[in-house]
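What follows is a short report on a single structure.
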Amino acid sequence: MSSTRTLVSPLTTDDADALVSAARRAAEEQGVRIAVSVLDAGGHPLAFRRDDRAVLIAGETSTRKAFTALQLDAPTADVVDAVQPGGLFHTLPTALDRPLLFIAGGVPLHRDGRLIGAIGIGGGAPEQDHGIANAAIQEVLGG
């Protein structure tokens with residue numbers, strides 16, 4: 001029995017730095033002060049940057065959003081309703097040792113259909129954070 005294995009390049013620090021730069025450009029275009037966190041597939045930080053005038057909590061929220069998107073392999077914007085009272089995963093936010101954050105702005109990163117990490121944006125309105133994350137992904141990874 002033979003199997004064919006397709007190797008997928010992992011997320012690199014160069015990729016992470018490029019994602020941070022692209023996110024900051026997208027945020028500047030909107031006049032939003034943000035924090036950006038980029039995690040590898042194991043949930044380890046590869047890059048982080050908080051704008052000088054971003055609210056302090058933006059750093060923590062960006063990292064938690066990225067971690068949540070990575071663990072669920074889904075944008076945080078897509079799971080907000082599922083964790084509300086009566087939702088399918090309403091107890092999930094308190095189920096793990098590391099806190100998850102179900103606010104738009106966390107997006108998983110894929111290469112060749114494989115999960116390679118996640119980006120999280122904090123500091124703007126949830127819709128802005130989500131849009132900034134997607135703009136960075138589009139610019140650096142092409143979608």
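Quick note: residue numbers are just sequence positions, from 1. Note that these values count all heavy atoms, side chains included, but never hydrogens, waters or copies made by symmetry.
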According to a 4.5 Å side-chain heavy-atom criterion applied to Ile, Leu, Val, Met, Phe, Trp and Tyr, with indirect links allowed, do [X] and [Y] form part of one hydrophobic cluster?
X: Ile121; Y: Val55; answer: no
X: Ile116; Y: Val20; answer: yes
X: Val80; Y: Phe67; answer: no

Is [Y] close to [X] at the side-chain level, that is, under 4.5 Å between some pair of heavy atoms?
X: Pro126; Y: Ile103; value: yes
X: Leu115; Y: Pro108; value: yes
X: Phe102; Y: Leu72; value: yes
X: Ser62; Y: Phe48; value: yes
X: Ile34; Y: Gln128; value: no
X: Lys65; Y: Asp129; value: yes
X: Leu39; Y: Ile119; value: no

When rounded to the nearest 0.5 angstrom, what distance separates [atom1] in [X] from [atom2] in [Y]?
X: Arg50; Y: Thr61; atom1: CZ; atom2: OG1; answer: 11.0 Å
X: His110; Y: Leu11; atom1: NE2; atom2: CG; answer: 12.0 Å
X: Arg114; Y: Asp73; atom1: CZ; atom2: CG; answer: 12.0 Å
X: Asp112; Y: Ser9; atom1: CG; atom2: OG; answer: 7.5 Å

Minimum heavy-atom distance between [X] and [Y], given as atom pair plus value:
X: Gly120; Y: Ala66; value: N-CB, 3.5 Å
X: Ala118; Y: Ala69; value: CB-CB, 4.3 Å
X: Val32; Y: Gly124; value: CG1-CA, 3.6 Å
X: Ala22; Y: Val140; value: CB-CG2, 3.9 Å
X: Ile132; Y: Ala26; value: CG2-CB, 4.2 Å

Legend entry - Polar side-chain atom of Thr68 near backbone of Leu100 as donor-acceptor pair, under 3.5 Å: no

Legend entry - Whether Thr76 side chain and Gly105 backbone form a donor-acceptor pair below 3.5 Å: yes

Legend entry - Residue from Val36, Leu109, Leu46 passing side-chain contact (heavy atoms from CB on, under 4.5 Å) with Leu19: Leu109

Inset, instruction - Could you go through the side-chain contact (heavy atoms from CB on, under 4.5 Å) check for Val107 and Ile137 one step at a time? - result: CA-CA 9 Å; Val107 181; Ile137 294 167; 3.3 Å; yes

Inset, instruction - Mind jotting down which residue pairs meet the salt bridge (charged side-chain N to carboxylate O under 4.0 Å, His left out) criterion with at least one end in residues 10-35? Sequence neighbours excluded, please. - result: Asp15-Arg111, Arg24-Asp51, Arg25-Glu139

Inset, instruction - Kindly state each residue pair satisfying salt bridge (charged side-chain N to carboxylate O under 4.0 Å, His left out) with at least one member in residues 35-44, sequence neighbours excluded. - result: none

